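Heads up, the thing below is written out as structure tokens.
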Amino acid sequence: MAAKRAKNMETIKLHPVLTGILKKRGCQTAEDIEEFLSPIPRKTYDPFAMKGMREAVDLVLQHIEDGKKICIYGDYDADGVTSVSLLYEFLSNLTRNVIYYIPSRFSEGYGLNLSAIDEIHRRGADLIVTVDCGCVSYREVEHIKELGMKAIVTDHHNVDGRSPDCIMLNPKQTDDTYPFSYLCGCGVAFKLTQGLQRTLKLPKNDINCLLDMVCVATIGDIVPLVDENRTLVKYGFDRIARGERPGLKMLIEGIGMDPSKLTSTNVAFGIVPHINAAGRMKEAAEGVRLLTGRQDEEISSLVEELKTLNAQRKSIQDRIFERAREAIRADDSQDLFLIYDAGNGHEGVMGIVAGKLKEEFYRPVIIVTDTEEEGIVKGTGRSVEGIDLHQIMSRCSHLYIKFGGHAGACGFSMKRENLAELRRSLNESVRCLVSEDPQILHYQLNWDAEISSADVTLDFAMQIAKLEPFGEGNPQPVFLIRDVLVKSVMRMGGSGQYLKLRCEGEGGTLFDAVWFDVEEEIVGTLNPGCEVRLIASLDINVWRGRSSVQCMIRGIRVS
């Protein structure tokens, strides 16, 4: 076995710089690197290693055997929609007595709520299985039990305070010994189907066919693309390429992508926003119907609807972002934690706007909007690297009606009268962090390694591509490249807002470098014949069937 692995590593012939990067990312041995690069990775774990799995499987099977109705209750984002679709599709092959429920983002909000539970009870459900939510819903689970129903919570968010008194699958539970705690909600739901499949001794394809949805959710929910997640995503890409799920196939084709050449970037900025658009602009159930549907005419109509909703989302999002940006620039409060009151602004886009504002001002950001309930606001937050949003917001738990999230993002509801106290408390928390680390609110343009300009070749870019899929926990490598000679400078874009440089490296190698986030004060110093240092990633550009290496500039300095 060792000899075989050594031979495989010899075949890979990975550039020493990339080997060094992988070691920094946790691949310490040749076997680790082989697993990381393998098109058929094997890093996955026994579902029954997860706390509560045996009890969850037994309870689901008991309800199926007794002919009792099961309701799957999920969130309205892409992770929740794929989770509902996955479990609904799998259980529908075992019983006719399965329904699903996704709350409205606008009238109900995130997570379990009492009125939804009452409605599910009226529909005759005996068991509610949550996906991508529920781990902080103690009160709601008690209501489920009071109505005579059973509950299983499957979730991946941080577990705070009092956990619901029911069977719970969540690898983030403090006493859970599952080897990997960074599954997304759909990943946890998949482990439940895996437990059911093994118990019933069903063919593996009964769950492998679900991996396309796990792939989309794992990338879309920005969980680390390492360890078991990497395995799930790689096999998921293979299932997407087969085109066996009509809704996903037609969506991919409808937005102009090739299913056989998808990358994590295509999924994150193409597929995920369209699935999210249903819950942001209308009703998330349209995403479930797309993913589980089999009738071409209905699916085609859904694809067009999602494309329209996503276009509307972009337009509204851009308008709100511009208003928020101007308001923050005009505010002289010098807040370190930005809170923008969007009033009756469209709630469905606030998470995206908060993320854009976070990038613009490099501060943690919260946007609040009015609700239908007088005096109650909803908030959504995003944070910068190094500031744990969930941790500092948890210190204000007494101010919230509802709260949940993780280090980078959160959602909550609260009385509007508590907003000023929240602002004061969060700014004080960030001030303390800045006093400990003065650079924490300064964007750091880092790179993974330094390479020679002679290394900027198609062969090297193709080796980098072997590290795909890129994402959280495994970002695309960024390099410092010295001694680059600028041969020409060309403006790109409708208003010339981008730059394309023709460059020459050591040994006369020629390559293009594209700069989107242009710093205009530097542009005037970029002239043919000048020498520059680049901080850039390397992509493969395909034009008219020919492939070439292309630098994507993150930063540039004239030597």
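Keep in mind that this is a model prediction, so the values were computed, not measured.
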Set of residues satisfying salt bridge (charged side-chain N to carboxylate O under 4.0 Å, His left out) with respect to Asp206, sequence neighbours excluded: none

Which residues satisfy the side chain to side chain contact (heavy atoms under 4.5 Å, CB included) test with Asp75, sequence neighbours excluded? Asp77, Tyr110, Asp132

side-chain hydrogen bond (donor to acceptor under 3.5 Å, both in side chains) contacts touching residues 398-407 (sequence neighbours left out): none

Non-neighbouring partners of Tyr138 that pass side chain to side chain donor-acceptor pair (under 3.5 Å), sequence neighbours left out: Arg162

Are a donor atom and an acceptor atom from the side chains of Glu108 and Tyr76 found within less than 3.5 Å of each other? no

With Tyr101, which of Ile128, Ile72, Ile120 fulfils side-chain contact (heavy atoms from CB on, under 4.5 Å)? Ile120

Quick one: does any side-chain atom of Ser38 pair with a main-chain N or O of Glu35 as donor and acceptor, under 3.5 Å? no

Looking at Lys145 and Asp165, would you say the former's side chain and the latter's main chain have a donor-acceptor pair under 3.5 Å? yes

Separation between CG of Leu251 and NZ of Lys249, rounded to the nearest 0.5 Å: 12.0 Å

Scan residues 335-347 for pairs that pass salt bridge (Lys or Arg N to Asp or Glu O under 4.0 Å), counting only residues two or more places apart or in two chains. Asp335-Arg423, Asp341-Arg416, Glu347-Lys378

Is a salt bridge present between Arg424 and Glu428, judged by a nitrogen-to-oxygen distance below 4.0 Å? no

Given Arg280 and His346, is the side-chain contact (heavy atoms from CB on, under 4.5 Å) satisfied, shown in steps? CA-CA 9 Å; Arg280 291 188 187 282; His346 197 293; 5.6 Å; no

Partners of Glu89 by salt bridge (charged side-chain N to carboxylate O under 4.0 Å, His left out), sequence neighbours excluded? Arg245, Arg294

If the condition is side chain to side chain contact (heavy atoms under 4.5 Å, CB included), which residues does Thr265 pass it with, not counting sequence neighbours? Thr263, Phe269

Any donor-acceptor pair under 3.5 Å linking the side chain of Gln317 with the backbone of Ile352? no

Side-chain donor/acceptor of Asp79 to backbone N/O of Ala217, under 3.5 Å: no

Carefully, step by step, assess Phe180 and Asn229 under the rule side-chain contact (heavy atoms from CB on, under 4.5 Å). CA-CA 9 Å; Phe180 185 64; Asn229 280 342; 3.4 Å; yes

Judged by atom type as modelled, is there a donor-acceptor pair below 3.5 Å linking the side chain of Thr130 to the main-chain atoms of Thr154? yes

Side-chain ion pair, Arg122 and Glu119, N-O less than 4.0 Å: yes

Considering residues at least two apart in sequence or located in another chain, which fulfil the side chain to side chain contact (heavy atoms under 4.5 Å, CB included) criterion with Asp318? none

Less than 4.0 angstrom from a charged side-chain N to a carboxylate O is my criterion; do Glu421 and Lys415 meet it? no

In plain terms, say whether Glu244 and Arg239 are close enough for a salt bridge, that is, a side-chain N and a carboxylate O under 4.0 Å apart. yes

Residues in salt bridge (charged side-chain N to carboxylate O under 4.0 Å, His left out) with Arg363, at least two apart? none

Ser315 and Arg319 side chains, donor-acceptor separation under 3.5 Å: yes

From Phe403 atom CZ to His390 atom NE2, the distance as rounded to the nearest 0.5 Å: 4.5 Å

Interatomic distance, OG1@Thr218 vs NZ@Lys234, rounded to 0.5 Å, equals 14.5 Å

Taking only residues two or more places apart in sequence or in another chain, which ones pass ring-ring contact (aromatic ring centres under 6.0 Å, His included) with Tyr100? Tyr88

Would you find a donor on one side and an acceptor on the other, under 3.5 Å apart, between the side chain of Arg230 and the backbone of Glu468? yes

Can you list the residues that meet the side chain to side chain contact (heavy atoms under 4.5 Å, CB included) rule with Lys150, with sequence neighbours excluded? Leu59, His63, Leu127

To the nearest 0.5 Å, tell me how far Arg382 CZ sits from Ile387 CD1. 15.5 Å

OG of Ser425 to CZ of Phe337, rounded to nearest 0.5 Å, is 10.0 Å

Checking Tyr73 against Glu140: is there a side-chain donor and acceptor pair closer than 3.5 Å? no

Check ion pair Asp448-Arg25 (N to O, under 4.0 angstrom): yes

Can any side-chain N or O of Lys172 pair as donor or acceptor with the backbone N or O of His156 at less than 3.5 Å? yes

Salt bridge (charged side-chain N to carboxylate O under 4.0 Å, His left out) involving Arg395 - partner list, sequence neighbours excluded: none

Given 3.5 Å as the limit, does a donor-acceptor pair link the side chain of Asn344 with the main chain of Asp370, or not? no

